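Taking it in order: structure first as structure tokens, then the write-up.
What you see is a predicted model, and the numbers here were worked out from it, not measured in a lab. Chain identifiers are assigned alphabetically (A, B, ...) following the order of the sequence lines, protein sequences preceding nucleic acid strands; residue numbering begins at 1 within each chain.
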Amino acid sequence: MRKAIVRLLTSTALALSSAVGIGGAPAVADPWTPAATDIVGVGGHSSAALLNRLSQDYNAFLAGNGDTTSPRLYSWDAVGSSPIVPKSGAAAIARPLGAEAGLRALLNTTSATVDFARVERSPRAYPEDTSANNFVALAKDAVSWAAKGSGHAPANLTSAQLKNIYECTVTNWRQIDPTLPDATIKPRLPFVGSSVRAHFLRTVNQGTDLVPGACVVSRTDQIEDQGTDPWLDDDDVLLPYSVGHYAGQVYRGHASGADAAGPMTIRSINGIAPIDPALGRVSLAFAGTTYGRVVNNVVRRADWDAGDAHAAALKAIFGTQGWICTNAAGAAAIADYGFIPLPKNACGSVSRA
Amino acid sequence: MSRTRARLAATSAAVVLAVTGMSGAAVADAAPAATAATGSAVVTSSTTFLKDQALNGIVVIPLPTADPAYDSTTGITTTFPVTGGSGDLPAYYGDIDLGGGLLFINLFTGKSATFKQLHFSVGNWQITGVPVGGTSPVALLDPAGDSQVSRANGVQTLTSTDLQVDPAGAQYLDTKLKTSFFKGGQSVGSLAINFTPAS
């Protein structure tokens, strides 16, 4: 009880410091220092808010059952002060900004520091995607593109047009449609290591990573899925955007501070609308294209297969028979944040490179 | 008693027919897809399920071009060849088209149901089939248990330690065969798919 009060006070203090915008403050939803045995994650931005919600709901579920001993679930935001001490007794690490940094943190530490990484893509032939990792499926998302609502971009672009824009062979809206304004297109990308960026460049190029042309501007500090950045407040800018995260921000009321769409609105690809407005989430039709992607929580395979209490805790949360995949609150949270819940038994299944 | 023996004998005969692939109840397979996708879906029916279905007078017969085999330890293993599709297992979308069909017979009632145009719907995580005489697919089987997906050298694989009857399939079969044997979530065995998409 005393510990709970201390935690509440600490949490309140952190929330206040964040709310008043103190430089270097933790992210709003950052946990206080979790216990050494808790299940702690870092990584991608697109699913960070969802994992915060799942953490709250899972921990409340345990508490509601009078369970005071099972490891709790915590998730560090991708954005916030750095370094962080992920859990009690761990050494400080640089806050992982994005999925790839989360995977590196998983590789470079042990469960004494980080237990899982939020990775919003399937395993690929990337160096971090070692077969020593299990990608545990959580939800379906998709990546589309966004542009300023009152800007010059059309409502729809084809994959070929997007490829040409990001290869800089199409540089003026008139090359897309003669009725569009005579203005230079300004393709933007989030930071290298962003899962949104990687999935978009690979998909518009039909499965091979596209090398952006010289007209494309990336900024090392441009966070994915944050349309509020003044850098994007331009009639001719377009950039890739997580559809699920956008739906969560715009349709589900989960925008928070800079984590919002701002003036950007998400657009169609190949005539397929990315959002199902009635459900306020990724449309099934769009998720069924190659622009669809799986949101995974990546764990160490050795941890998952260890057969010990830590493995049981991981599976109790993320596995096919775990809380997220079997409790109605898990699917409800996924839908409430704009993503598509996976079918029974697909949720919690494991993929490897 | 003699009636029970007769039923069991008929069941055994049907199983033998299934194992030897000589059912003679072939159904026209789906037209070959234009893609060069390859691979297979291997369904292993557990001995527990085989025993239960025999006791209930239910026989499941794989139809050509499905290839059944029997092992006393593992049960009946049926291999359905991949005939096409654009599924992406690690991305959980698309379909994998399978050759062959499935014939379900209730020896107690004489009722039967035949499915063709088998698919593994990756997005829905279901094996579906179209009933002969129908047009809409019915969800038949769902991968379950510990499922693992991988992709190496262009080959996608899915292994599931459990394979369960889909609730929709159970309802359809129970109605069609006039039985109450099938249940949603009923364990059939296990599943292993390997799939190389058309290149």
Side-chain angles (χ1 to χ4, degrees), chain A residues 119-126 129-131 133-143 199 202-203 206-207 282-296 298 301 304-305 311 315 318-322 325-326 339-353, chain B residues 85-96 119-128 139-170 184-199:
Chain A
V119 178
E120 301 93 349
R121 63 167 175 78
S122 302
R124 302 202 185 285
Y126 295 157
D129 290 8
T130 162
S131 62
N133 283 338
N134 282 351
F135 285 62
V136 186
L138 172 67
K140 279 298 293 270
D141 185 23
V143 172
H199 188 72
R202 188 180 180 88
T203 307
Q206 297 185 316
V282 182
S283 80
L284 285 173
F286 196 79
T289 70
T290 53
Y291 290 92
R293 62 176 183 167
V294 180
V295 177
N296 288 284
V298 180
R301 185 175 176 179
W304 188 260
D305 293 337
K315 291 178 180 175
F318 300 122
T320 52
Q321 301 305 311
C325 297
T326 58
F339 301 96
I340 301 174
L342 286 166
K344 180 186 173 190
N345 293 318
C347 176
S349 60
V350 168
S351 298
R352 294 195 196 104
Chain B
S86 56
D88 188 331
L89 287 166
Y92 295 84
Y93 83 87
D95 290 288
I96 296 174
H119 295 271
F120 178 54
S121 171
V122 186
N124 293 321
W125 212 244
Q126 296 168 332
I127 293 176
T128 66
L140 296 172
L141 298 164
D142 307 335
D146 183 12
S147 292
Q148 296 189 351
V149 176
S150 67
R151 175 170 20 213
N153 302 319
V155 181
Q156 304 169 24
T157 60
L158 163 65
T159 58
S160 293
T161 57
D162 193 10
L163 183 65
Q164 298 179 349
V165 177
D166 187 274
Q186 184 175 21
S187 180
V188 169
S190 60
L191 174 69
I193 293 177
N194 74 79
F195 175 61
T196 305
S199 56

Which bit of A/Lys315 comes within less than 4.5 Å of chain B, counting heavy atoms only: side chain, backbone, both or neither? neither

Chain A interface, residue from B/Gly94, B/Ala144, B/Ser86 that has the most non-hydrogen pairs under 4.5 Å: B/Ala144

Given side chains that start at C-beta, do those of B/Pro90 and A/Phe135 come closer than 4.5 Å, heavy atoms only? no

B/Trp125 side, atom CH2; A/Cys347 side, atom SG - distance, nearest 0.5 Å: 11.0 Å

Shorter than 4.5 Å, heavy atoms on both sides: which option in A/Val136, A/Thr290, A/Leu284, A/Leu342 has the most such pairs with chain B? A/Thr290

With a 4.5 angstrom heavy-atom cut-off, which part of B/Asn124 approaches chain A: side chain, backbone, both or neither? backbone

So which of B/Val149, B/Thr157, B/Asp162 has the biggest tally of heavy-atom pairs under 4.5 Å with chain A? B/Val149

Could you measure the distance from the CG atom of B/Asp166 to the NZ atom of A/Lys344? Nearest 0.5 Å is fine. 9.0 Å

Chain A contact via B/Gln126 - side chain, backbone, both or neither, heavy atoms under 4.5 Å: neither

CD/B/Gln148: more than 12 non-hydrogen atoms of other groups inside 6.0 Å: yes

Could you name the residues of residues 186-197 of chain B that have a heavy atom within less than 4.5 Å of a heavy atom in chain A? none

Closest approach of A/Val294 to B/Tyr92 (non-hydrogen atoms, all atoms of both residues): CG2-CD1, 3.2 Å

